[in-house]
Amino acid sequence: MEEALVRAVLFGTPILLASLGALLSERGGVVNLGVEGMMALSALGAFAVALEVGPVRGILAGVGVGSFMGLFLGLFAVVLRANQFVAGLALAALGLGASGLLGKRYEGVPLPQPLPEGGLALVALALALGLHLLLSRTRFGLYLRSVGENPKAADLFGVSVEGVRYLALALGGGIIGLAGAYLSLAYRPSWTDGMTSGLGWVAIALVILAGWHPLRAVLGAYFFGLLFFLQFRLQGSVPIPAEAFAAMPYLLVILVLALSGRARAPKALGQPFDRGR
Amino acid sequence: MRWELDPNPSPPKVLLTYAVFLLLSLLGLGVLFLLYGVVPLKAYGLLLSPLMDTLGLAEVVRRTIPLLLIGSGLALAFRVGFFNIGAEGQLLMGAVGGAYVALFLPPGPWTLALMFLLGGGLGAVWSGLAAWLRVRFGANEILTTLMQNYLVYYLVVYLVAGPWKGQTVFGFLYTDPFPPEAKLPRLGDTLVHWPTLVLGIAAALGLQLLLFRTPLGFEWRILGENPEAARYLGLKGGRLIPLAALLSGFLAGLAGVGEVAGIHLRLLEPAQISLGYGFTAILVAWLARGRPLWVLFTAPLLGLILAGGDALKLSLSMPFRVVDVVAGLLLLSLIGAEALSQRRLIWRR
């Protein structure tokens, strides 16, 4: 029982981090469907740097790669006002592809000093609380929410819609990068192609399930973590094929989407902002 | 200084913007090649190498076939506002349906037709499910269709490793080979299964007519361009969206049947059935800007990139992910160019 809870938290942590990162930009009105690719590439960046100069700088590298990709998405979603959904999907493909290509030389290389999972799990929990406070108690949070709900009004009050959205994408990207670093430095201290195994998509669904609320995302992430734990535990001991277990996260995402499809999203979510219109 | 919408961008400006963005994506690709340890120019050359000989061209056509079928369906679906990202899974469902007919029903002259029917039907069911989830529960179809891709992926793995695993194969994840009745005719000794090519061209033409020459197409276009107006006119999104979704899924299913009946002649691992056709077809449809007819030009273009990616994999032993990179960069440069070309820079506030 205790083991189940611990594993649920540890497995829920990357999902929690990734979904906090996506949540941050979504509260500002920008959909980020690139999470999976961002996680994959930052996991690789973190791993490569950790091999050379140690795990702490590896974490920084992961966060940096994530932030950079967030800014890159912002170039399309915020500056050019391109279709956010398509830009995110393209970023997911690009990140997965680039990580598979560049990570080939790290395949099978062990990491000498892995990071403690528990410590990072606490960091994730603190980040969730911090994000909640940021959104509900700070001026930036107020700006961010108003930009996500009614960019026109925010603009009239002199808030830079682009600036706020850009900052949210960079910060959120950094948190997603941390999720990638957790995977390759702590959870499974190694690099394999496709090691994010759909967690990014689960994280995106979790944002919806949590109703765009950081604290509710914590519960949701640990719930997913518990399900993943049960999946590993039950595998082999029940007469259900392994493929059914592997397909479980994706099935869960569909169920979550069906159950919470009309949940209340930020009003301007997914819509590019154009002052002239 | 600020951006503003450009009501009618001039054609040279549009062309220039696209050219600049394509160049940027080539540069980005070059950087990745360098990081991987390959001289970019050599890699670019390999990407275009299929144009140099007949065998290479046949490879391009072979890749074009599924892209035509899927791309024209997606062009329609996107136009209507159903963002079907799940063609990959619908294609695999088609392959499963085709394989079921070929392996388990008595063979005869009807086999191929039945394969296309069941394969297309399963593809349609798979996309129809996402349409139903959207219409009934408001579930975002971009995410549901994407997740469905993974579900069929594991279904196919389960089938070829489990109940459908061939009696005559050892160690490999195959079914038994299909009977001769289930084999599509090919052009000469190439892998061009021409009946599917004909189906693809017919799909592009047919959907173009359906979309631009019929009352149904008119309703579809209104719904896609202006959902508010559609509601005002009493058009039922609950009927129009699933219809477009079913059609696009059906065509993707046909593409899946074409792959197993025209090329592999058995059901095998999903990554070998579809070489990223579902995702590449998104590019095909995006480039065609919601006009199924234009798919006749954009599908061969992307077919060339897939064939070129194959040449890269074979001669430089690159991992298969290189195709994802090319597709992602290309997609980004396309939407970036589209967005930028419709805007202009104003120097005053």
Side-chain angles (χ1 to χ4, degrees), chain A residues 31 33-34 37 72-73 75-76 79-83 85-105 107 193-194 198 201-202 204-205 208 241-254 256-263 272 274-277, chain B residues 2-5 28 32-33 35-37 83 85 129-130 133-134 136-140 142-144 146-159 161-162 276 279 282-283 286 318-340 342-343:
Chain A
V31 169
L33 293 191
F72 188 64
L73 180 63
L75 189 65
F76 291 88
V79 175
L80 292 172
R81 297 168 177 82
N83 184 320
F85 293 92
V86 185
L89 284 175
L91 191 67
L94 185 59
L96 277 175
S99 68
L101 202 61
L102 302 176
K104 204 182 156 195
R105 70 184 75 157
E107 203 102 28
D193 187 13
W201 305 112
V202 174
I204 291 171
I208 302 172
E243 288 85 6
F245 283 112
M248 193 115 96
Y250 310 108
L251 192 63
L252 280 174
V253 171
I254 294 179
V256 164
L257 288 170
L259 289 176
S260 55
R262 293 197 203 281
D274 244 327
R275 187 180 274 156
R277 274 208 278 220
Chain B
R2 62 191 177 91
W3 292 112
E4 203 179 78
L5 277 179
L32 278 172
F33 284 146
L35 285 172
Y36 181 72
F83 290 98
I85 308 299
L129 185 66
L133 287 173
R134 169 172 160 180
R136 175 74 178 75
F137 298 105
N140 182 324
I142 294 182
L143 286 168
T144 48
L146 192 78
M147 293 303 109
Q148 285 177 295
N149 287 344
Y150 292 99
L151 293 185
V152 215
Y153 179 94
Y154 288 111
L155 172 69
V156 174
V157 172
Y158 167 70
L159 287 175
F279 195 76
I282 298 172
L283 289 172
W286 196 263
M318 274 190 175
F320 69 99
R321 292 283 191 191
V322 66
V323 178
D324 282 347
V325 173
V326 176
L329 276 173
L330 207 61
L331 191 52
L332 277 175
S333 77
L334 290 177
I335 61 168
E338 184 190 326
L340 187 62
Q342 285 168 11
R343 256 155 243 284

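We name chains A, B, ... by the order of the sequence lines, and we start the count at 1 in each one. Keep in mind that what you see is a predicted model, and the values were worked out from it rather than measured.
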Exercise for the section: Evaluate the criterion side-chain contact (heavy atoms from CB on, under 4.5 Å) for residue pair B:Asn140 and A:Phe85; output intermediate values, then yes/no. Expected result: CA-CA 11 Å; B:Asn140 182 324; A:Phe85 293 92; 3.8 Å; yes
Identify which part of [X] has an atom lying under 4.5 Å from any heavy atom of chain A, answering side chain, backbone, both or neither.
| X | result |
| --- | --- |
| B:Ile85 | side chain |
| B:Leu35 | both |
| B:Leu146 | side chain |
| B:Leu329 | both |
| B:Gln148 | both |

Choice from [options] maximising heavy atom contacts with chain B below 4.5 Å:
| options | answer |
| --- | --- |
| A:Leu91, A:Leu75, A:Val253, A:Val86 | A:Val86 |
| A:Leu33, A:Ile204, A:Leu96 | A:Leu96 |
| A:Gly198, A:Gly100, A:Ala244, A:Gly37 | A:Gly100 |

Problem - Whether over 12 other heavy atoms sit under 6.0 Å from B:Tyr153 OH - result: no
With the side chain counted from C-beta on, respond yes when [X] and [Y] share a heavy-atom pair under 4.5 Å apart, and no when they do not.
| X | Y | value |
| --- | --- | --- |
| B:Trp286 | A:Asn83 | yes |
| B:Phe279 | B:Val323 | no |
| A:Leu94 | B:Asp324 | no |
| A:Ile208 | A:Leu257 | yes |

Practice task
Please state whether the side chain, the backbone, both or neither of A:Leu89 comes within less than 4.5 Å of a heavy atom of chain B.
Solution key: both
Problem - Part of A:Phe245 lying under 4.5 Å from any heavy atom of chain B - result: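 Contact with chain B is absent: no heavy atom of A:Phe245 under 4.5 Å.
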Handout entry: Side-chain (A:Arg105) to main-chain (A:Gly103) donor-acceptor, under 3.5 angstrom
Key =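 Looks like no, no N/O pair under 3.5 Å.
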